[in-house]
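Whatever order the structure lists them in is the order used to number ligands and atoms, beginning at 1.
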Amino acid sequence: MQPVLLNDFKRQWSEIGAEVLRAVEGVGASGWYVLGEQVKRFESDLATFWGLSEAIGVASGLDALEIAFRVLDLRCGDRVLTTPLSAFATTMAIVRLGGVPVYCDTDANGLLDLDRAESILAADPGIRFLLPVHLFGQSLDLDRLAGLQERFNLWMVEDCAQSIGAEWAGRATGSVGRLAATSFYPTKNLGAIGDGGAVLTNDAELAARVRRLRDYGQSAKYRHDEIGWNSRLDELQAAILAEAVLPRLRDWTRRRQEVAAAYTVGIQNPSVRVLRPPTGSTSCEHLFPVTVANREHFEAHLKTRGIATGRHYPILIPDQEAMVGTKFEVRGELERARELAGSEVSLPIHPQLRAEEIDRVITAVNEWSLPD
Ligand SMILES: Cc1ncc(COP(=O)(O)O)c(C=O)c1O
């Protein structure tokens, strides 16, 4: 029995390998390997795809978040309202700058609870920064995010690592914050063959500062205006993304949406709750999360059918060992987030998934029953 994988990189390679090799050849032959024409071209293509005026390639999604907050002058001790349920990098970006994450519970879908966020911000005008995450490929309500930003005079960076191509009422995620950050980690919808990330914005001044900061804070060769990073997307990854991956992204997203639609219709097991995006949110279907009362049993059942599963995320960020001794605040109970951390299972979803594999997943999920 062929396993059904969470991501099938070998199958992806058979689809894009020839173009990747051509892109590599082009970079090699150009003799220019860092911050050259390939990065410029990819940044321009990505900005056009996203509908924003500026995209700046960096070394990872983590760096994109960190540099974005530095550009907004996040200082040591500044508090940032954010979610306890995300990749650890979301919080790491805050902490590495000396900021203090303030956690608020999620909604039933695992995204930041905007009602609670609003009450917290109303009660504590000292919180000036907001870091929402469009988790699983679902978009948070962008109108509400924009409203919070304006009402409370916030500096907001949207974490779009999982949401490239996702929309709220026709608007792209990442378009309401001062800046957006995304990741090209291989499992992402726009995945490189290695690490990479980007900061996006409509603000030319902020973009110029991001460009400086990613390259040692240089404004001209050997002229350093501020302490920056070495966080440059390299020419190889930029060429691969521009030639082999980005041109496929719309079709791949559509394919993910077809898989999600098939799962949504096909999964009819009352013991399995499917986390679908709310009305208004068009998901780019980065992950397909469900929740069950007995996760280990469900995962073991799928494993016997040769179906891989993931957990996003099994430990809440404030519960991580690394947070012991790190300054953070928790506002209210993190009840929903905690429940999701204990019950969420991600089913395989990727553009190379075949029809018979989708059927296998649906059948296996429907044939599972909770043990007595
Ligand atoms: C929501 C979220 N934020 C940030 C990151 C960090 O991206 P990277 O792995 O490229 O540093 C990731 C990816 O792991 C992510 O899923």
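The immediate protein surroundings of ligand 1, defined as residues with any heavy atom under 4.0 Å of it, consist of Ser60, Gly61, Leu62, Ser86, Ala87, Ala89, Thr90, Val133, Asp159, Ala161, Gln162, Ser183, Lys188, Gly196, Tyr313.
In this structure, a donor-acceptor pair under 3.5 Å is absent between the side chains of Asp234 and Gln237. For the 3.5 Å distance criterion, the side chains of Arg41 and Gln38 qualify, holding a donor opposite an acceptor. Between the side chains of Asn189 and His286, at least one donor-acceptor pair of N or O atoms lies under 3.5 Å.
Using the six-membered ring where Trp is involved, Trp368 and Phe298 have ring planes that are perpendicular, over 60° apart on the 30 and 60° scheme.
A donor-acceptor pair under 3.5 Å is absent between the side-chain atoms of Arg331 and the main chain of Ala117, judged by distance alone.
Applying the ring pair (Phe, Tyr, Trp, His ring centres under 6.0 Å) criterion to Phe69, with sequence neighbours excluded, gives no partner residue.
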